[in-house]
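Values below: all heavy atoms of this structure, side chains included; hydrogens, waters and symmetry mates excluded.
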Amino acid sequence: MCGIAGILFKKPVSNQVLGRALADMMDGCQHRGPDSTGFALYENEVAGLRLRFLVDDDAAVERIRAALAEHGATIKAERREGSTLVVEVAYDGEIRPFAYAMEHAAKLVSIGTALDIIKDVGTSKDLDAVYGIGRINGSHGLGHVRLATESDVKPEAAHPFWATGFADVAIVHNGQITNYWKMRRRLEARGFEFRTDNDSELIAVYIADKMAQGVPLETALEQSVDDLDGTFSFLVSTKDGIGFAKDRLAAKPMVMYEDDSLVAIASEEVSLNRLFPGQPLSTTEPLPGTHQTWSRSI
Amino acid sequence: MVTIDLSTMPVREGNDALRAAAKRGEDIEILNPDARHHIGVGLIHPVTVRVKGSAGYFCAGLSHGARFEVESNVGWGVGDSMYAGSVVVGGNAGAIAGVALRGGEVVVKGNVGSRAGQVMKAGTLLVCGRASFLAGYMMYGGRIVILGDSGDRVGEDMSGGAIYVGGKVQSLGSDAKIVDMTPEEDADIRAFLKTYGVPFDGTFTKIVNAGTKLRYGVNEPISRPLPHPVFSEGDSYWNAKVAEDIHAKSLIGRYRIRGYGAAKPVPHFGDIAIKVDPSRIGAAGDPTKAVKLAMTLGERHGAKPLTLSMPVLIAPMSFGALSKSTKVALAMASRLSGIVENTGEGGMLPEQRKEAAQLIYQCLSGRLGWNIHDMLKADALEIYISQGAKPGLGGQLMAKKVTKELAAIRGIPEGIDLRSPSRHPDIMGADDLVIKVEEFREATGYAKPVSVKMGAGRVRDDIKIAYKDGFDFVQLDGLQGSTGAASTEVLENVGVPTLSALQEALDGLNEIGHDGSMPVVMMGGIKDGVDAVKALALGAGAVAMGTAALIAGGCISCMQCHVGNCVVGIATQDPEHEARYKTELQAQAIHRFLESVRWQIAAITQALGYSDFRQLSRKDLVALTPEAAAITGLPYDPDYRVVDEQLLTQVA
Ligand SMILES: Cc1cc2nc3c(=O)[nH]c(=O)nc-3n(C[C@H](O)[C@H](O)[C@H](O)COP(=O)(O)O)c2cc1C
């Protein structure tokens, strides 16, 4: 019940406009989901690891500080933004147990050396005003607008989701996975933890797990078309690039535009056209059951 | 020529300007369309519209006679339900290009997305590139010409029309087959290509319906039908109903189909009592004069609301399931009682429009008889998602009822066992639905309320979607709701009882902090004004009645509505049977019944000490069974059973 978008700038020079581009694209398809909006932005790398939490009160901030200290992470920088707390830490250990531990302290939205997920209740314009989305530079990212149907309108129910436990992997997804519980139990049996009952989180963990085992993103996406049942169009992003997969039923929309300097994918062409006002674009619709990836060429 | 620049105004304003120019007969050029939705929807004048760029969803949708030229791409549903005219798309089209096309020509120079030509009925869809998954899905007529490859499962469940593929036929859909084509057909297509300047030297493969699924194999025996009161009685294991069912299935070897409502006992309004002193009924004069019952429905977004003399509507019932005479009688009765009639599936009858003072026009998945002209004649528009008797399934109309006249109105082949699709081509989720609702509003100038009819499935979630997608009101139907034809298993076992559905809907709305602007019209087994008062007190904005109105108008509850031989001329298209139905007489009978409902609502409201039905509240109710208490959260108080019985004798 949503609209999704992704963009990747092929050349570093165009990095300037990442936040602006995604904010505009999501504004263009806000009609698909007025309740909440979110972005997964791959910014120019931070020195250590960046964590973004949703915090309700100062007690949560205290819990986060304590948990970080307990797990050997030193805070380099810390700031409150909207309903979130952003911390940059120095941390050398394993990510997954660290991430699970942090999640017990507060609602963790993302972890990454490049990835920053910013999501909240409200429209793209609202988020831009609070978080300055339009000023964020970077190489690639995803966007999501959501119409809440089954869960509440709360920041934590907004998208994108990160692949819980894996740094720098995020997902936006339009559709519904019907073998959700089967897939989830398989992953849980192998020790993965899930924070929500949301099928987007499942896809992200599923993909990230494959990649952690050395499977390239491209192959992971190809396998996802066979392994996942239901209707879906989703975009995955990693530190190095983005990719999409689309179900065989082709029930969910997706259009893409590509030229020498960028690739942009969205639920509707109206979002793509926001990048090039007044210009007719040569776009394509991915075929049912297909996938594709792009990586940064720095 | 008029130029409209969409970088300087919203589409709504642009469409207003476009319609005004078209009315004057001026051609139009649209600048900076930037893939915005709904460009040119509802245009009914034969002008040329040039879109300088890409258009979004439903470009030229619901139009009649205009010529559209889109320079670049279009989104989903180009030419939706178009009656005549043409659309030429220079680039690609998204999913469901030419959906529900009823005439005219849609030409896409590039590729099209999935389900091109879904439920189309007439006209031509030309795809110069390739098609995708399920091209021609459930098409009823017309032709699709694909110069490139067909995509997988081309012609899936088509029941009429033809698909011509110039490239590779990637795979055939179910019930589709390849046949030879005549030289005349070939020449005709090539001439068509020439008029649009499309070169093509290849050869075509023709695909049509294979005819294996158009009719059920074996008909059900019509043996000793059990009337509904007998059918629904008793709970012994091997009763007459069970035996009859086994006999029938042993003959046909499949699920059965019948009409009418569920017979399974579930907690219902009879399990709730009104905390009223029955002796106060009828104490003081005519309650219908003393109690305010009039209301409006549908003003949430500034449309002209429906006006009702009491919180009661006629439930949507299709012309098809019901005879024309019955639809006209319902329309007359609704007018006489100052309420609203609903077309149901299968289009608007001119006679029905004339007799009904107010008429809701229903749009279903098959888009059978759905068109811009009748939209403009309607007082409200309704998107049917499902109904209580068969949530999640499409309508069924058995061959006997698919007569020549009916097939013509619906735009389908005559004499097939018609199964409407279970879902709308363009509503795969709440996100698509919002764009659909907007299309209807755009096409009719935001003047008409738009409602949604839904059967009780996941009510708590669905009602939130309805609220957020901006419907003006909801028609909610519980498990007990009737039907013209459905599989018996689904009828009896799928769905949520009316009481629970209503409670879930109200809870769902409360959970999202609604502002009370979207009333819920409740239906499904509402027999009289007493049930109506209970529903209103629980929180329904109004109620609707189907079966009760039919019985008032002569229905004998034999449950054979699907067969088409209705002995009283209600559920039939057979002229001989229909001749038995005395329209004026039955209209009066339905009207008298509706007046009895009015009196009951007024009398009980007055006896409770109120002067307006809107003062009714949950405080006026108790639950008579633990189940009803659990469902509604009302206090459990079986002592009120006596009061309830007394009340029924007072108001019956
Ligand atoms: C003969 C018949 C035809 C129907 N056709 C439609 C229809 O076209 N569209 C629709 O929304 N509901 C249809 N329904 C369902 C009714 O609108 C309504 O939901 C149901 O009958 C309400 O329950 P009640 O009959 O117990 O009052 C039909 C019902 C009957 C009995």
Side-chain angles (χ1 to χ4, degrees), chain A residues 1-4 24-25 28-36 144-154 174-176 230-233 246-257 266-290, chain B residues 5-7 11 31-37 51-57 70-76 90-96 110-115 130 132-134 151-153 423 428-435 437-438 458 460-465 468-470 508 511-513:
Chain A
M1 311 300 162
C2 59
I4 60 175
D24 287 347
M25 285 168 89
C29 69
Q30 198 82 56
H31 54 267
R32 296 186 74 89
D35 287 332
S36 60
H144 189 281
V145 295
R146 173 167 185 264
L147 179 104
T149 51
E150 286 161 36
S151 44
D152 295 343
V153 183
K154 288 192 200 138
N174 183 13
Q176 194 175 22
T231 58
F232 52 87
S233 281
K246 190 168 161 162
D247 69 20
R248 296 209 168 85
L249 301 175
K252 294 291 170 184
M254 187 182 259
V255 251
M256 60 187 206
Y257 169 79
S267 296
E268 297 176 11
E269 187 156 330
V270 69
S271 288
L272 303 178
N273 239 152
R274 290 295 286 268
L275 301 172
F276 304 94
Q279 280 179 48
L281 298 178
S282 174
T283 59
T284 50
E285 184 181 295
L287 288 173
T290 58
Chain B
D5 185 350
L6 287 181
S7 68
V11 172
L31 302 182
N32 297 306
D34 286 359
R36 288 183 181 86
H37 301 330
V51 181
K52 301 300 215 183
S54 292
Y57 283 31
V70 184
E71 184 183 316
S72 194
N73 309 315
V74 291
W76 280 29
N92 300 326
I96 51 169
N111 305 322
V112 295
S114 54
R115 297 178 287 120
R130 61 169 153 65
S132 185
F133 191 52
L134 293 185
D152 278 325
R153 301 182 73 152
R423 52 163 81 194
M428 311 301 268
D431 37 20
D432 304 325
L433 180 53
V434 77
I435 306 177
V437 175
E438 198 69 12
R458 296 174 57 171
R460 191 182 288 263
D461 294 333
D462 294 347
I463 198 92
K464 293 177 187 171
I465 296 176
K468 291 181 180 181
D469 278 355
E511 276 171 22
I512 52 171

If we count only N and O atoms by modelled type, under 3.5 Å, do the side chains of A:E285 and B:N92 hold a donor and an acceptor together? no
Under 4.5 Å, counting heavy-atom pairs only, tell me which of B:E511, B:K52, B:H37 racks up the most with chain A. B:H37
Any side-chain hydrogen bond (donor to acceptor under 3.5 Å, both in side chains) pairs touching residues 270-281 of chain A, not counting sequence neighbours? A:D27-A:R274
So, the part of B:I435 with a heavy atom under 4.5 Å from chain A: the answer is side chain
Kindly write out the residues that satisfy ring-ring contact (aromatic ring centres under 6.0 Å, His included) with A:F232, not counting sequence neighbours, or none if the list is empty. A:F234
For the residue pair A:K252 and B:M428, what are the closest heavy atoms and their distance? NZ-O, 3.4 Å
So, A:H31 and B:E438: side-chain donor and acceptor under 3.5 Å apart, yes or no? no
Quick one: are A:L281 and B:S72 in side-chain contact, heavy atoms under 4.5 Å? no
Interatomic distance, B:W76 atom CH2 to A:E269 atom CD [nearest 0.5 angstrom]: 14.5 Å
Counting only non-hydrogen atoms closer than 4.5 Å, does B:D5 touch chain A with its backbone (N, CA, C, O), its side chain (CB onward), both, or neither? neither
Closest non-hydrogen contact found for A:A148 with B:K468 is O-NZ, 2.9 Å
Kindly check if the number of other-residue, nucleotide or ligand heavy atoms within 6.0 Å of CZ (B:R460) is above 12? yes
Side-chain contact, heavy-atom cut-off 4.5 Å: A:P277 with B:N32? no
How close do A:P288 and B:F133 get, heavy atom to heavy atom, and via which atoms? CG-CB, 3.8 Å
Structural part of B:S7 lying under 4.5 Å from a heavy atom of chain A: neither
Taking the side chain as C-beta and beyond, is there a heavy-atom pair between A:V145 and B:D431 under 4.5 Å? no
To the nearest 0.5 angstrom, please state how far the CG atom of A:L287 sits from the CG atom of B:N111. 8.0 Å
Is chain A contacted by the side chain of B:R130, its backbone, both, or neither, given a heavy-atom distance below 4.5 Å? side chain
Per-residue tally against chain B (heavy atom, under 4.5 Å) across A:T231, A:T284, A:L249 peaks at A:L249
